[in-house]
Colleague: 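Have a look at the structure that comes next, please.
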Protein chains: 2
Amino acid sequence: MIYDIDVTEELIKNNIKPSYQRLKILSYLAFKRNHPTVEQIFNELVDDIPTLSKTTVYNSLNLFIQAGLVKPLNIEDHETRYDYDTSDHGHFKCIECGTIKDFSLKIDIDNDSMSGYEILEKNVYCKGYCPRCLENKKKI
Amino acid sequence: MIYDIDVTEELIKNNIKPSYQRLKILSYLAFKRNHPTVEQIFNELVDDIPTLSKTTVYNSLNLFIQAGLVKPLNIEDHETRYDYDTSDHGHFKCIECGTIKDFSLKIDIDNDSMSGYEILEKNVYCKGYCPRCLENKKKI
DNA sequence: ATGATAAATGTAACGATTACAAATGTGGAG
DNA sequence: CTCCACATTTGTAATCGTTACATTTATCAT
Ligand SMILES: [Mn+2]
Ligand SMILES: [Mn+2]
Ligand SMILES: [Zn+2]
Ligand SMILES: [Zn+2]
(Lines give C-alpha, C1' and ligand atoms only; values in the text may rest on other atoms or scores of the structure.)
(Ligands and ions follow the chains in the order given, each with its own letter.)
Protein backbone atom coordinates (compact mmCIF):
# COMPACT_ATOMS: atom_id res chain seq x y z
CA MET A 1 0.00 0.00 0.00
CA ILE A 2 1.66 3.22 -1.16
CA TYR A 3 0.41 6.68 -0.35
CA ASP A 4 1.46 9.25 -2.92
CA ILE A 5 1.64 12.19 -0.56
CA ASP A 6 5.20 13.41 -0.02
CA VAL A 7 5.64 14.73 3.48
CA THR A 8 9.44 14.84 3.46
CA GLU A 9 9.64 18.62 3.27
CA GLU A 10 7.06 18.99 6.00
CA LEU A 11 9.21 16.95 8.37
CA ILE A 12 12.45 18.71 7.46
CA LYS A 13 10.86 22.12 8.00
CA ASN A 14 10.04 21.02 11.54
CA ASN A 15 13.50 19.62 12.27
CA ILE A 16 12.33 16.02 12.23
CA LYS A 17 14.53 13.65 10.26
CA PRO A 18 12.42 12.00 7.56
CA SER A 19 13.08 8.38 8.39
CA TYR A 20 11.32 5.62 6.49
CA GLN A 21 8.89 4.92 9.35
CA ARG A 22 8.08 8.56 10.05
CA LEU A 23 7.39 9.22 6.39
CA LYS A 24 5.05 6.23 6.18
CA ILE A 25 3.17 7.18 9.32
CA LEU A 26 2.71 10.84 8.45
CA SER A 27 1.78 10.16 4.81
CA TYR A 28 -0.73 7.59 6.01
CA LEU A 29 -2.40 10.28 8.11
CA ALA A 30 -2.18 12.84 5.31
CA PHE A 31 -3.65 10.47 2.73
CA LYS A 32 -6.37 8.79 4.76
CA ARG A 33 -7.44 11.67 7.02
CA ASN A 34 -9.45 9.17 9.00
CA HIS A 35 -8.67 10.01 12.64
CA PRO A 36 -7.17 6.58 13.32
CA THR A 37 -6.05 5.00 16.58
CA VAL A 38 -2.47 3.77 17.04
CA GLU A 39 -3.83 0.27 16.59
CA GLN A 40 -5.26 1.13 13.17
CA ILE A 41 -2.10 2.87 12.00
CA PHE A 42 0.04 -0.02 13.13
CA ASN A 43 -2.15 -2.70 11.56
CA GLU A 44 -2.29 -0.98 8.19
CA LEU A 45 1.41 -0.16 8.01
CA VAL A 46 2.85 -3.41 9.30
CA ASP A 47 2.16 -5.01 5.91
CA ASP A 48 4.50 -2.47 4.33
CA ILE A 49 7.02 -2.48 7.18
CA PRO A 50 7.08 -5.97 8.71
CA THR A 51 9.57 -4.92 11.39
CA LEU A 52 7.43 -1.99 12.52
CA SER A 53 7.04 -1.57 16.26
CA LYS A 54 4.06 -0.04 17.98
CA THR A 55 6.49 1.98 20.09
CA THR A 56 7.75 3.64 16.92
CA VAL A 57 4.21 4.63 16.02
CA TYR A 58 3.72 6.19 19.45
CA ASN A 59 7.11 7.92 19.35
CA SER A 60 6.57 9.33 15.87
CA LEU A 61 3.07 10.56 16.63
CA ASN A 62 4.29 12.29 19.78
CA LEU A 63 7.03 13.98 17.74
CA PHE A 64 4.43 15.15 15.22
CA ILE A 65 2.20 16.48 17.99
CA GLN A 66 5.11 18.40 19.55
CA ALA A 67 5.82 19.97 16.17
CA GLY A 68 2.15 20.83 15.65
CA LEU A 69 1.85 18.63 12.56
CA VAL A 70 -0.85 16.44 14.07
CA LYS A 71 -3.55 16.94 16.69
CA PRO A 72 -4.56 14.28 19.22
CA LEU A 73 -8.27 13.75 19.84
CA ASN A 74 -9.67 12.66 23.20
CA ILE A 75 -13.20 11.78 22.24
CA GLU A 76 -13.14 8.50 24.12
CA ASP A 77 -11.16 8.30 27.32
CA HIS A 78 -9.54 5.00 26.49
CA GLU A 79 -8.40 5.67 22.93
CA THR A 80 -6.47 8.59 21.52
CA ARG A 81 -7.03 9.35 17.85
CA TYR A 82 -4.80 11.41 15.59
CA ASP A 83 -5.86 14.11 13.14
CA TYR A 84 -3.70 15.37 10.28
CA ASP A 85 -5.98 18.39 9.98
CA THR A 86 -4.83 20.78 12.70
CA SER A 87 -7.24 23.55 11.76
CA ASP A 88 -10.07 24.52 14.11
CA HIS A 89 -12.97 22.13 13.55
CA GLY A 90 -15.31 19.81 15.42
CA HIS A 91 -15.77 16.05 15.38
CA PHE A 92 -18.81 13.83 15.42
CA LYS A 93 -18.47 10.21 16.50
CA CYS A 94 -21.21 7.67 15.81
CA ILE A 95 -21.79 5.63 18.96
CA GLU A 96 -22.94 2.70 16.81
CA CYS A 97 -20.30 2.28 14.08
CA GLY A 98 -17.54 4.47 15.51
CA THR A 99 -16.86 6.52 12.38
CA ILE A 100 -15.68 10.06 12.94
CA LYS A 101 -16.79 12.99 10.81
CA ASP A 102 -15.40 16.51 10.69
CA PHE A 103 -17.67 19.52 10.88
CA SER A 104 -17.13 23.24 10.80
CA LEU A 105 -18.40 25.37 13.64
CA LYS A 106 -18.29 28.68 15.38
CA ILE A 107 -17.87 28.79 19.14
CA ASP A 108 -19.11 31.82 21.02
CA ILE A 109 -17.46 31.80 24.38
CA ASP A 110 -18.77 34.29 26.89
CA ASN A 111 -15.75 36.60 26.97
CA ASP A 112 -16.62 38.29 30.25
CA SER A 113 -16.30 35.09 32.24
CA MET A 114 -13.03 34.19 30.50
CA SER A 115 -11.26 37.52 30.74
CA GLY A 116 -7.76 37.08 32.12
CA TYR A 117 -7.48 33.56 30.77
CA GLU A 118 -5.17 32.65 27.91
CA ILE A 119 -6.89 30.07 25.71
CA LEU A 120 -4.42 28.05 23.65
CA GLU A 121 -6.61 25.22 22.40
CA LYS A 122 -10.30 24.65 21.74
CA ASN A 123 -11.92 21.26 21.35
CA VAL A 124 -15.44 20.36 20.30
CA TYR A 125 -16.91 16.95 19.75
CA CYS A 126 -20.38 15.44 19.54
CA LYS A 127 -21.73 11.94 19.78
CA GLY A 128 -24.84 10.38 18.30
CA TYR A 129 -25.97 8.32 15.34
CA CYS A 130 -24.85 8.68 11.74
CA PRO A 131 -27.47 8.53 8.95
CA ARG A 132 -26.56 4.98 7.98
CA CYS A 133 -26.89 3.65 11.52
CA LEU A 134 -30.19 5.52 11.96
CA GLU A 135 -31.49 3.72 8.85
CA ASN A 136 -30.40 0.34 10.14
CA LYS A 137 -32.09 0.95 13.48
CA LYS A 138 -35.42 1.69 11.75
CA LYS A 139 -35.31 -1.60 9.85
CA ILE A 140 -34.92 -3.71 12.98
CA MET B 1 -16.10 16.18 56.66
CA ILE B 2 -19.86 16.47 56.27
CA TYR B 3 -21.56 17.88 53.22
CA ASP B 4 -24.96 19.32 54.00
CA ILE B 5 -26.54 18.63 50.65
CA ASP B 6 -29.20 15.93 50.81
CA VAL B 7 -29.26 13.92 47.63
CA THR B 8 -31.40 11.07 48.94
CA GLU B 9 -34.49 12.07 46.97
CA GLU B 10 -32.44 12.52 43.83
CA LEU B 11 -31.22 8.93 44.04
CA ILE B 12 -34.64 7.49 44.85
CA LYS B 13 -36.21 9.31 41.91
CA ASN B 14 -33.72 7.56 39.67
CA ASN B 15 -34.25 4.11 41.17
CA ILE B 16 -30.87 4.04 42.84
CA LYS B 17 -30.92 2.88 46.44
CA PRO B 18 -29.43 5.59 48.64
CA SER B 19 -26.72 3.61 50.33
CA TYR B 20 -24.30 5.30 52.69
CA GLN B 21 -21.46 5.27 50.15
CA ARG B 22 -23.59 6.49 47.25
CA LEU B 23 -24.95 9.37 49.30
CA LYS B 24 -21.48 10.42 50.35
CA ILE B 25 -20.12 10.27 46.81
CA LEU B 26 -22.99 12.15 45.20
CA SER B 27 -23.21 14.79 47.91
CA TYR B 28 -19.46 15.30 47.63
CA LEU B 29 -19.93 16.08 43.93
CA ALA B 30 -22.97 18.26 44.60
CA PHE B 31 -21.24 20.24 47.33
CA LYS B 32 -17.79 20.66 45.83
CA ARG B 33 -18.66 20.95 42.13
CA ASN B 34 -14.98 20.63 41.40
CA HIS B 35 -14.80 18.12 38.50
CA PRO B 36 -12.75 15.65 40.53
CA THR B 37 -11.01 12.46 39.44
CA VAL B 38 -11.83 9.12 41.08
CA GLU B 39 -8.55 9.44 42.94
CA GLN B 40 -9.61 12.78 44.46
CA ILE B 41 -13.05 11.54 45.45
CA PHE B 42 -11.59 8.45 47.04
CA ASN B 43 -8.87 10.29 48.95
CA GLU B 44 -11.26 12.85 50.39
CA LEU B 45 -13.96 10.37 51.39
CA VAL B 46 -11.78 7.60 52.80
CA ASP B 47 -11.33 9.66 55.99
CA ASP B 48 -15.08 9.52 56.53
CA ILE B 49 -15.49 5.94 55.36
CA PRO B 50 -12.33 4.03 56.24
CA THR B 51 -13.58 0.86 54.54
CA LEU B 52 -14.28 2.64 51.26
CA SER B 53 -13.11 0.86 48.14
CA LYS B 54 -12.08 2.53 44.92
CA THR B 55 -14.24 0.00 43.08
CA THR B 56 -17.26 1.37 44.91
CA VAL B 57 -16.42 4.86 43.74
CA TYR B 58 -16.19 3.64 40.15
CA ASN B 59 -19.39 1.60 40.43
CA SER B 60 -21.36 4.44 41.99
CA LEU B 61 -20.17 7.00 39.46
CA ASN B 62 -21.08 4.70 36.59
CA LEU B 63 -24.55 4.27 38.08
CA PHE B 64 -24.92 8.04 38.34
CA ILE B 65 -23.79 8.47 34.74
CA GLN B 66 -26.30 5.87 33.53
CA ALA B 67 -29.06 7.74 35.36
CA GLY B 68 -27.92 11.07 33.94
CA LEU B 69 -27.13 12.51 37.36
CA VAL B 70 -23.48 13.07 36.54
CA LYS B 71 -21.51 13.74 33.37
CA PRO B 72 -18.05 12.30 32.68
CA LEU B 73 -15.44 14.63 31.19
CA ASN B 74 -12.69 13.42 28.86
CA ILE B 75 -10.45 16.44 28.81
CA GLU B 76 -7.31 14.41 29.36
CA ASP B 77 -7.11 10.96 27.84
CA HIS B 78 -5.71 9.32 30.95
CA GLU B 79 -8.07 10.72 33.56
CA THR B 80 -11.84 10.85 33.59
CA ARG B 81 -13.39 13.63 35.64
CA TYR B 82 -16.95 13.83 36.91
CA ASP B 83 -19.31 16.80 36.78
CA TYR B 84 -22.41 17.17 38.94
CA ASP B 85 -23.63 19.91 36.61
CA THR B 86 -25.16 18.09 33.63
CA SER B 87 -26.32 21.23 31.87
CA ASP B 88 -24.76 22.27 28.56
CA HIS B 89 -21.55 24.15 29.32
CA GLY B 90 -17.88 24.20 28.43
CA HIS B 91 -14.75 23.56 30.47
CA PHE B 92 -11.40 25.28 30.65
CA LYS B 93 -8.43 23.42 32.07
CA CYS B 94 -5.24 25.23 33.07
CA ILE B 95 -2.26 23.30 31.75
CA GLU B 96 -0.15 24.64 34.61
CA CYS B 97 -2.17 24.07 37.78
CA GLY B 98 -4.84 21.73 36.46
CA THR B 99 -7.86 23.57 37.81
CA ILE B 100 -11.02 23.31 35.76
CA LYS B 101 -13.43 26.20 35.25
CA ASP B 102 -16.92 26.16 33.78
CA PHE B 103 -17.95 28.60 31.10
CA SER B 104 -21.13 29.23 29.19
CA LEU B 105 -21.11 29.10 25.43
CA LYS B 106 -23.12 28.89 22.27
CA ILE B 107 -22.09 26.43 19.58
CA ASP B 108 -23.12 27.11 16.01
CA ILE B 109 -22.80 23.87 14.12
CA ASP B 110 -23.14 24.11 10.37
CA ASN B 111 -26.48 22.34 10.04
CA ASP B 112 -26.15 21.57 6.35
CA SER B 113 -23.16 19.31 6.86
CA MET B 114 -24.82 17.56 9.81
CA SER B 115 -28.26 16.95 8.31
CA GLY B 116 -29.31 13.35 8.78
CA TYR B 117 -27.23 12.97 11.91
CA GLU B 118 -28.76 12.61 15.37
CA ILE B 119 -26.64 14.51 17.87
CA LEU B 120 -27.15 13.27 21.42
CA GLU B 121 -24.24 14.91 23.20
CA LYS B 122 -22.06 17.98 22.73
CA ASN B 123 -18.72 18.54 24.43
CA VAL B 124 -16.52 21.62 24.48
CA TYR B 125 -13.30 22.15 26.35
CA CYS B 126 -10.37 24.52 26.13
CA LYS B 127 -6.87 24.49 27.51
CA GLY B 128 -4.52 27.31 28.40
CA TYR B 129 -3.37 29.35 31.38
CA CYS B 130 -5.51 30.67 34.20
CA PRO B 131 -4.97 34.26 35.44
CA ARG B 132 -3.06 33.18 38.51
CA CYS B 133 -0.61 31.01 36.54
CA LEU B 134 -0.14 33.80 34.00
CA GLU B 135 0.86 36.11 36.85
CA ASN B 136 3.32 33.59 38.25
CA LYS B 137 4.91 33.14 34.84
CA LYS B 138 5.53 36.87 34.49
CA LYS B 139 7.34 37.03 37.85
CA ILE B 140 9.85 34.34 36.90
C1' DA C 1 -33.73 -15.44 63.80
C1' DT C 2 -33.43 -16.97 58.82
C1' DG C 3 -32.66 -16.72 54.31
C1' DA C 4 -32.80 -14.03 49.90
C1' DT C 5 -31.12 -10.17 47.64
C1' DA C 6 -28.36 -6.12 46.91
C1' DA C 7 -24.20 -3.57 47.80
C1' DA C 8 -19.43 -3.10 49.02
C1' DT C 9 -14.94 -4.84 49.14
C1' DG C 10 -10.28 -6.73 47.70
C1' DT C 11 -7.69 -8.71 44.32
C1' DA C 12 -6.69 -9.94 39.80
C1' DA C 13 -7.00 -8.87 34.99
C1' DC C 14 -7.02 -5.72 31.24
C1' DG C 15 -5.58 -2.31 27.71
C1' DA C 16 -3.43 1.83 26.29
C1' DT C 17 0.70 4.17 26.90
C1' DT C 18 5.47 4.94 28.39
C1' DA C 19 10.26 3.63 30.07
C1' DC C 20 14.22 1.51 29.11
C1' DA C 21 17.92 -1.19 27.26
C1' DA C 22 19.51 -3.60 23.24
C1' DA C 23 19.76 -3.78 18.22
C1' DT C 24 19.95 -1.49 13.95
C1' DG C 25 20.68 2.27 10.79
C1' DT C 26 23.09 6.66 9.24
C1' DG C 27 26.62 9.78 8.06
C1' DG C 28 31.07 11.71 8.57
C1' DA C 29 36.30 11.40 9.52
C1' DG C 30 40.19 9.15 8.33
C1' DC D 1 35.90 1.51 2.25
C1' DT D 2 36.16 1.08 7.40
C1' DC D 3 35.38 2.71 11.85
C1' DC D 4 33.03 5.18 15.15
C1' DA D 5 29.60 8.38 17.22
C1' DC D 6 24.99 9.28 17.24
C1' DA D 7 20.04 8.87 16.09
C1' DT D 8 16.34 5.79 15.38
C1' DT D 9 13.94 1.63 15.90
C1' DT D 10 12.69 -2.38 18.26
C1' DG D 11 11.03 -5.65 21.97
C1' DT D 12 9.99 -6.17 26.57
C1' DA D 13 8.72 -4.75 30.98
C1' DA D 14 6.50 -1.35 33.85
C1' DT D 15 2.80 1.87 34.77
C1' DC D 16 -1.74 3.52 35.57
C1' DG D 17 -6.67 4.00 35.23
C1' DT D 18 -10.42 1.08 34.85
C1' DT D 19 -13.17 -3.19 34.93
C1' DA D 20 -14.18 -8.23 36.14
C1' DC D 21 -15.05 -11.31 39.47
C1' DA D 22 -15.43 -13.80 43.70
C1' DT D 23 -16.05 -13.02 48.63
C1' DT D 24 -17.84 -10.51 52.49
C1' DT D 25 -21.11 -7.52 54.44
C1' DA D 26 -25.46 -5.08 54.81
C1' DT D 27 -30.50 -4.80 54.15
C1' DC D 28 -34.99 -6.34 54.58
C1' DA D 29 -39.08 -9.25 54.34
C1' DT D 30 -40.74 -13.47 56.19
MN1 LIG E 1 -10.68 16.17 12.04
MN1 LIG F 1 -18.71 21.66 34.68
ZN1 LIG G 1 -22.83 4.98 12.46
ZN1 LIG H 1 -3.49 27.68 36.54
Side-chain angles (χ1 to χ4, degrees), chain A residues 7-8 11-12 14-28 35-67 69-83 93 98 100, chain B residues 7-8 11-12 14-28 35-67 69-83 93 98 100:
Chain A
V7 290
T8 313
L11 287 177
I12 293 172
N14 287 277
N15 299 315
I16 299 173
K17 287 200 182 164
S19 74
Y20 187 68
Q21 287 86 340
R22 289 170 182 167
L23 284 170
K24 287 285 186 183
I25 293 167
L26 189 55
S27 61
Y28 171 86
H35 315 92
T37 61
V38 164
E39 197 68 19
Q40 271 177 271
I41 299 170
F42 176 80
N43 286 334
E44 298 208 35
L45 290 184
V46 77
D47 298 331
D48 262 336
I49 320 168
T51 65
L52 184 63
S53 161
K54 221 173 265 186
T55 303
T56 300
V57 180
Y58 277 108
N59 287 341
S60 303
L61 289 169
N62 286 337
L63 267 181
F64 301 161
I65 291 169
Q66 293 293 341
L69 296 174
V70 162
K71 246 185 103 175
L73 306 181
N74 297 326
I75 298 177
E76 228 66 59
D77 58 346
H78 55 286
E79 61 169 30
T80 305
R81 289 168 177 274
Y82 299 87
D83 196 346
K93 178 173 182 180
I100 291 178
Chain B
V7 291
T8 313
L11 287 177
I12 292 172
N14 287 276
N15 299 315
I16 299 174
K17 289 202 181 163
S19 74
Y20 186 69
Q21 285 85 342
R22 289 169 182 168
L23 285 170
K24 286 286 186 182
I25 294 167
L26 190 56
S27 60
Y28 172 86
H35 314 93
T37 61
V38 164
E39 197 67 18
Q40 272 178 268
I41 299 170
F42 176 79
N43 285 333
E44 298 209 34
L45 290 185
V46 77
D47 297 331
D48 262 336
I49 321 169
T51 64
L52 184 64
S53 160
K54 221 173 264 186
T55 303
T56 300
V57 181
Y58 277 108
N59 287 342
S60 304
L61 289 170
N62 286 337
L63 267 181
F64 301 161
I65 292 169
Q66 293 293 338
L69 296 175
V70 162
K71 248 185 101 175
L73 306 181
N74 297 325
I75 297 178
E76 229 66 60
D77 58 346
H78 56 285
E79 60 169 31
T80 305
R81 288 169 177 273
Y82 300 87
D83 197 346
K93 178 173 182 179
I100 291 177

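Convention: sequence-line order gives letters A, B, ...; per-chain numbering from 1. Below, all heavy atoms of this structure are taken into account, side chains as well, without hydrogens, waters or symmetry copies.
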Colleague: Does A:Lys93 have any salt bridge (charged side-chain N to carboxylate O under 4.0 Å, His left out) partners at least two apart in sequence or in another chain, and if so, which?
Modeller: A:Glu76, A:Glu79

Colleague: If I compare all heavy atoms of A:Leu23 with all of A:Pro18, which pair ends up nearest, and what's the gap?
Modeller: CD1-O, 3.5 Å

Colleague: Any heavy-atom pair between the side chains of A:Lys54 and A:Tyr58 that's under 4.5 Å?
Modeller: yes

Colleague: For A:Leu52 and B:Lys54, find the nucleotide of DNA chain D closest to each by heavy atoms; which residue's nucleotide sits nearer the 5' end?
Modeller: A:Leu52

Colleague: Applying side chain to side chain donor-acceptor pair (under 3.5 Å), name anything that partners A:Thr80, two or more places apart in sequence or on another chain.
Modeller: B:Asp77

Colleague: Calculate the interatomic distance between A:Phe42 atom CZ and C:dG15 atom P; express it in whole Å.
Modeller: 16 Å

Colleague: Just how far, in rounded Å, is P of C:dA19 from NE2 of B:His78?
Modeller: 12 Å

Colleague: Closer than 4.0 Å, any side-chain N/O of A:Thr37 to the OP1 or OP2 of C:dA16?
Modeller: no

Colleague: Quick one: is C:dT17 close enough that its OP1 or OP2 comes under 4.0 Å of any side-chain N or O from A:Thr80?
Modeller: yes

Colleague: Among C:dA8, C:dT17, C:dA19, which is the nearest nucleotide to the side chain of A:Thr55?
Modeller: C:dA19

Colleague: Once you round it to whole Å, what is the distance between P of C:dA7 and CG of B:Asn59?
Modeller: 11 Å

Colleague: Can you tell if the side chain of A:Leu11 reaches within under 4.5 Å of the side chain of A:Phe64, non-hydrogen atoms only?
Modeller: yes

Colleague: Less than 4.5 Å apart, any side-chain heavy atom of B:Asn74 and any of A:Ile75?
Modeller: no

Colleague: The side chain of B:Lys17 lies closest to which of these nucleotides: C:dT9, C:dA7, C:dA19?
Modeller: C:dA7

Colleague: Is there a side-chain contact between A:Phe42 and A:Thr56, using heavy atoms and a 4.5 Å cut-off?
Modeller: no

Colleague: Rounded off to whole Å, could you give me the OH-to-C1' distance for the B:Tyr58 and C:dT9 pair?
Modeller: 15 Å

Colleague: In this structure, how many angstroms lie between the P atom of C:dT17 and the CZ atom of A:Arg81, rounded?
Modeller: 11 Å

Colleague: Under 4.0 Å from any heavy atom of chain B: name the first and the last nucleotide of DNA chain D that qualifies, 5' to 3'.
Modeller: D:dG17 to D:dA20

Colleague: Grab the OH-P distance between B:Tyr20 and C:dT9 for me, whole Å please.
Modeller: 11 Å

Colleague: Over all strands shown, is A:Asn62 touching base, sugar-phosphate only, or nothing at heavy-atom distances under 4.0 angstrom?
Modeller: sugar-phosphate

Colleague: Just how far, in rounded Å, is P of C:dT18 from CG of A:Leu63?
Modeller: 12 Å

Colleague: Round to the nearest Å and state the distance from B:Leu11 atom CG to C:dA7 atom C1'.
Modeller: 14 Å

